[in-house]
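First up is the structure itself, then whatever we jot down about it.
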Amino acid sequence: MNWTSWRMRKASGGGKFPAVKPDMKVSLAGIELANPVIAASGTFGYGIEFEEIVSLERLGGFVTKGISLEPMAGHPPPRLIHTAAGMLNAIGLQNVGVKDYLEKKLPPMKRYPQCKVIVNVFGYTVSEYLGVIGQLNQAEGIAAYELNVSCPNVHAGGMAFGADPSCLEDLVAQAKAASRRPLIVKLSPNVTSIAEMAQVAAHAGADALSLVNTFLAMAIDVEERKPKLTNVTGGLSGPAIKPIALRMVYEAARAVSIPVLGMGGIVTAQDAVEFLLAGATAVQVGTASYADPRATERLVRELEQWCKSRQVERVASLTGALEAPRA
Ligand SMILES: Cc1cc2nc3c(=O)[nH]c(=O)nc-3n(C[C@H](O)[C@H](O)[C@H](O)COP(=O)(O)O)c2cc1C
């Protein structure tokens with residue numbers, strides 16, 4: 001039964017349907033995911049730290065925190081602040097560097113082959129990005145790379161690439177040529193036209209896009225008359241950004257023919273379905289894991305339940321299935 005006939009049956013007061021187990025698989029740039037729920041970069045460590053908390057084998061996948069050529073210490077604290085409906089962070093891409101990642105963090109993830117490992121790649125220069133990709137290419141057990149061209153809280157690299165179309169094109173083309181795996185490009189939302197940046201990345205060879213990263217933002221302590229973050233500005237995430245993120249996913253998905261991974265403030269199954277209807281093939285869950293470390297696994301369960309209760313036989317059928325507004 002498809003969505004329209006389910007709605008017609010519901011509207012006519014139709015009776016109950018036998019529960020079907022929905023097909024939750026999605027396919028993304030040649031990668032098969034058991035379901036469309038992926039833990040977002042920077043909010044799920046290197047994955048393995050969550051093995052005691054989350055049934056990793058139940059997730060479609062997870063994205064590592066940004067991995068750079070050399071280890072990075074990140075910004076000094078305070079670097080995480082709660083805001084009215086979200087979180088402001090200026091972690092500054094703290095990570096162990098690609099060598100340690102490959103030696104110590106990646107190998108234990110082989111215990112969970114169903115949970116696809118996507119490595120988030122960061123650099124200050126094109127050659128640093130290529131250096132990370134070159135080392136990752138030597139390893140097994142990685143499904144794809146996610147190129148972070150969108151970090152709003154480092155002073156060079158990151159967002160500087162994502163905000164300039166010609167820098168973005170050059171970086172994506174070179175990264176694609178260097179990569180032996182599907183290349184997902186994580187776009188910056190801190191741009192005027194997300195559709196234009198999506199098209200630039202797609203034409204340069206991206207296999208998929210992910211969006212959104214955090215929005216450049218700031219908070220002030222009025223008693224101290226000082227910025228709350230040592231870095232002054234940071235990236236806003238969580239429910240506060242969801243409507244903007246959804247609009248951007250919608251615009252990007254309409255502008256390109258490659259798959260889009262949608263994220264920004266997803267907490268419930270309904271949130272996830274909104275992103276799928278807007279055009280996302282899969283969703284990522286970030287800040288929600290801070291409030292509830294099991295949020296990703298809960299989302300897998302609730303999304304399946306949502307599909308079951310609406311007689312949606314294939315979750316993939318929701319992608320882009322947004323109907324026209326009422327005339
Ligand atoms: C503490 C923190 C660290 C993050 N680190 C990274 C990172 O290293 N690389 C990256 O591409 N995105 C990073 N992000 C962005 C998230 O992956 C995600 O794009 C963003 O937070 C929006 O999703 P959410 O509202 O569900 O958190 C980080 C977000 C947070 C909150």
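As the structure lists them, so they are numbered: ligands from 1, and atoms in each ligand from 1.
Contact annotation: for N120 versus ligand 1, heavy atoms closer than 4.0 Å belong to the side chain alone. If you look at L93 next to ligand 1, the close heavy atoms, those under 4.0 Å, all belong to the side chain. Only the side chain of Y290 comes within contact range of ligand 1, with a heavy atom under 4.0 Å; no backbone atom does.
Here is the list of ligand 1 atoms found below 4.0 Å of a heavy atom in T214: 20 (C), 21 (O). Heavy-atom contacts of M87 reach the following atoms of ligand 1: 31 (C) (cutoff under 4.0 Å). Set against the non-hydrogen atoms of N213, the atoms of ligand 1 under 4.0 Å away are 10 (C), 11 (O), 12 (N), 14 (N), 15 (C), 19 (O). Residue contact check: G265 has heavy atoms under 4.0 Å from atoms 24 (P), 25 (O), 26 (O) of ligand 1. For ligand 1, the atoms sitting less than 4.0 Å from at least one non-hydrogen atom of M263 are 18 (C), 19 (O), 23 (O), numbered in the order shown with element in parentheses. Shown in contact with G66 at under 4.0 Å from a heavy atom are these atoms of ligand 1, numbered in order with element: 7 (C), 8 (O). Residue T287 approaches ligand 1 through these ligand atoms, each under 4.0 Å from one of its heavy atoms: 24 (P), 25 (O), 26 (O), 27 (O), 31 (C).
Taking distance alone, with nitrogen or oxygen atoms compared against 3.5 Å, N89 stays at or beyond that limit from ligand 1. The distance criterion of under 3.5 Å between nitrogen or oxygen atoms is met by G238 with respect to ligand 1. On a distance-only criterion, A40 and ligand 1 share no N/O pair closer than 3.5 Å.
Listed by chain and residue number, D271, E274 satisfy the salt bridge (Lys or Arg N to Asp or Glu O under 4.0 Å) test with K242 (two or more places apart in sequence, or in another chain). Residues forming a side chain to side chain contact (heavy atoms under 4.5 Å, CB included) with T281 (at least two apart in sequence, or on another chain): V26, L28, P259, T319.
Taking hydrophobic clusters as Ile, Leu, Val, Met, Phe, Trp and Tyr residues chained together by side-chain heavy-atom distances below 4.5 Å, V232 does not share a cluster with M87.
Looking at R180 and E140, a side-chain N of the basic residue comes within less than 4.0 Å of a carboxylate O on the acidic one, giving a salt bridge. Between E57 and R111 there is no salt bridge, since no side-chain nitrogen of the basic residue lies less than 4.0 Å from a carboxylate oxygen of the acidic one.
Remark: the S237 side chain and the T287 side chain contain an N/O donor-acceptor pair separated by less than 3.5 Å. With 3.5 Å as the limit, one finds a donor-acceptor pair spanning the side chains of N137 and Y145. Between the side chains of S41 and E146, no donor-acceptor pair of N or O atoms lies under 3.5 Å.
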*Do F44 and Y46 pass the ring pair (Phe, Tyr, Trp, His ring centres under 6.0 Å) test, and can you show the C-alpha distance, the side-chain angles, and the key distance before you say yes or no?*
CA-CA 6 Å; F44 212 73; Y46 303 100; over 10 Å; no

*I would like to know whether R181 and D207 meet salt bridge (Lys or Arg N to Asp or Glu O under 4.0 Å); could you show each step before the answer?*
CA-CA 9 Å; R181 298 198 162 95; D207 296 299; over 6 Å; no

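Across the listed options K186, E146, K242, K186 owns the non-hydrogen atom lying nearest to atom 18 (C) of ligand 1. Considering S41, G264, G262 only, the shortest heavy-atom separation from atom 14 (N) of ligand 1 involves S41.
Proximity of N95 to ligand 1 is not established, as no heavy-atom distance is less than 4.0 Å.
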